[in-house]
Amino acid sequence: MTCDTSNPPRTLARAIRATLLEPHPRTKVMATRKLVREWRQGGLAPVFDVAMPDTPGRPAQPELLPPRDMPKRRKAGSERGRIALWHSLAHIEFVAIDLALDMAGRFGGEMTREFVDDFLSVAADEALHFALIERHLATMGSHYGALPAHGGLWDAASETRHDVAARLAVVPMVLEARGLDVTPDTRDRVKTLGDARGAIILQRILDDEIRHVRYGATHFDAEAKRRQAAPAILWKTLVSRHFHGAVKPPFNDSARSAAGLSREFYAALV
């Protein structure tokens with residue numbers, strides 16, 4: 001039996017880059033899930049032979065605005081308020097697809113196979129979350145792109161593009177960890193307003209985000225030890241240098257602890 005070398009498998013890096021540059025949300029969701037499936041089945045070569053783009057593909061809508069220019073959120077119980085909430089969540093999950101893909105594609109060549117597996121798994125989760133939220137928006141007569149969206153969510157990737165430890169410190173261990181803090185209240189609020197399906201979606205996102213933060217904390221801890229640095233001290237240094245927001249309470253200590261993020265990390269930054 002001879003091997004067919006005329007059509008070698010695509011490299012993982014090229015597949016990730018192509019998916020990052022895809023601007024259409026639904027196509028990006030399908031491409032992400034296909035990419036992860038191919039990787040798990042051995043259809044992509046573990047080769048990092050191209051650079052990741054500085055900016056991923058974005059659809060023409062939503063209009064991306066600076067945080068200061070974002071419209072004020074309407075009353076939560078109103079239909080327009082509900083749409084605004086779910087639209088903002090859709091945008092967060094859409095950008096999260098790119099953050100996870102970029103993590104695997106940009107840093108996978110210097111990290112372990114487990115690192116790549118973990119963050120491609122995160123990308124697949126984020127794609128599912130976006131699809132669930134987009135379908136939920138459709139039940140309200142809306143869609144992703146109908147409203148303006150926060151234009152600064154990719155800034156964390158740009159700020160940390162040269163350092164895997166900084167990226168791990170800021171994205172899973174600050175931004176996603178913040179999701180652990182706020183999602184339970186949002187879930188309970190939408191459930192109180194009679195949106196049982198929305199509450200189920202948010203519970204699924206919360207469960208997955210605990211695992212995502214754990215991936216970040218685990219790989220950050222390994223990287224800190226490789227650099228012969230105390231993990232909590234290195235984390236505080238990198239967050240202070242690269243994160244330009246506030247790490248503020250209230251904290252969901254139980255969810256953070258389940259994700260491997262103890263108060264030793266974040267309490268001193270408050």
Run the side chain to side chain contact (heavy atoms under 4.5 Å, CB included) check on V247 and F265 step by step: do they pass? CA-CA 11 Å; V247 179; F265 282 83; over 6 Å; no
Could you give the distance from [atom1] ([X]) to [atom2] ([Y]), rounded to the nearest 0.5 Å?
| X | Y | atom1 | atom2 | result |
| --- | --- | --- | --- | --- |
| N252 | E209 | CG | CD | 11.0 Å |
| L202 | R197 | CG | CZ | 11.0 Å |
| R82 | M140 | CZ | CE | 4.0 Å |
| D163 | E159 | CG | CD | 10.5 Å |
| W235 | E264 | CH2 | CD | 10.5 Å |
| I16 | L21 | CD1 | CG | 12.0 Å |

Shortest non-hydrogen contact between [X] and [Y], atoms and distance:
| X | Y | result |
| --- | --- | --- |
| A84 | L147 | CA-CD1, 3.7 Å |
| L238 | A166 | CD1-N, 3.8 Å |
| D49 | R14 | OD2-NE, 3.0 Å |
| F94 | P59 | CE2-CD, 3.9 Å |
| H87 | P62 | CE1-CB, 4.0 Å |
| L20 | L101 | CD2-CB, 3.8 Å |

Decide if atom [atom1] of [X] counts as having more than 12 heavy atoms of other residues, nucleotides or ligands within a radius under 6.0 Å.
| X | atom1 | value |
| --- | --- | --- |
| L65 | CG | yes |
| R227 | CZ | yes |
| Q228 | CD | no |
| K236 | NZ | yes |

Would Y215 and D117 count as having a side-chain donor-acceptor pair, cut-off 3.5 Å?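 Looking only at side-chain atoms, D117 and Y215 do not form any donor-acceptor pair under 3.5 Å.
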If we ignore angles and hydrogens, is there a donor and acceptor under 3.5 Å between the side chains of H129 and E126? yes
Same apolar cluster (I L V M F W Y, side chains within < 4.5 Å links), [X]/[Y]:
| X | Y | result |
| --- | --- | --- |
| V50 | W39 | yes |
| L64 | L153 | no |
| V95 | M30 | no |
| I83 | L132 | yes |
| V47 | V116 | no |

Side-chain heavy atoms of [X] within contact of [Y], under 4.5 Å:
| X | Y | answer |
| --- | --- | --- |
| R167 | D102 | yes |
| T32 | F130 | no |
| M52 | R161 | no |
| W86 | T139 | no |
| M173 | Y266 | no |
| I201 | L89 | no |
| L12 | L35 | yes |
| M103 | F115 | yes |

Kindly determine whether R10 and L44 satisfy side chain to side chain contact (heavy atoms under 4.5 Å, CB included), including the steps that lead there. CA-CA 5 Å; R10 287 190 301 160; L44 295 171; 3.8 Å; yes
Is R263 positioned over the aromatic face of F251, cation under 6.0 angstrom from the ring centre and no more than 45 degrees off axis?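 Output no; distance or angle outside limits.
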Take K248 and D181, measure what salt bridge (charged side-chain N to carboxylate O under 4.0 Å, His left out) needs, and give me the verdict at the end. CA-CA 10 Å; K248 57 186 179 181; D181 302 331; over 6 Å; no
Test Y144 against every option in E93, E134, H91 by the side chain to side chain donor-acceptor pair (under 3.5 Å) rule and name the one that passes.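 The residue from E93, E134, H91 that satisfies side chain to side chain donor-acceptor pair (under 3.5 Å) with Y144 turns out to be H91.
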So which of V213, I210, V174, D253 actually passes side-chain contact (heavy atoms from CB on, under 4.5 Å) with L261?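 Exactly one option meets the side-chain contact (heavy atoms from CB on, under 4.5 Å) with L261, and it is V213.
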Judged by atom type as modelled, is there a donor-acceptor pair below 3.5 Å linking the side chain of S88 to the main-chain atoms of L85?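 Flag set: sc S88 to bb L85 pair under 3.5 Å.
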For a side chain to side chain contact (heavy atoms under 4.5 Å, CB included) check, start with the C-alpha distance between T11 and R17, then their side-chain angles and the critical distance, and finish with the verdict. CA-CA 10 Å; T11 68; R17 179 181 171 87; over 6 Å; no
Thinking salt bridges, do [X] and [Y] make one under a 4.0 Å N-O criterion?
| X | Y | answer |
| --- | --- | --- |
| D118 | R214 | no |
| R211 | D207 | no |
| R189 | D185 | no |

Verify side chain to side chain contact (heavy atoms under 4.5 Å, CB included) between T19 and K34, making sure each step is shown before the conclusion. CA-CA 10 Å; T19 305; K34 180 175 183 289; over 6 Å; no
List in chain and number order the residues that pass ring-ring contact (aromatic ring centres under 6.0 Å, His included) with H242, two or more places apart in sequence or in another chain; answer none if no residue qualifies.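 By the ring-ring contact (aromatic ring centres under 6.0 Å, His included) rule, H242 matches no residue at all.
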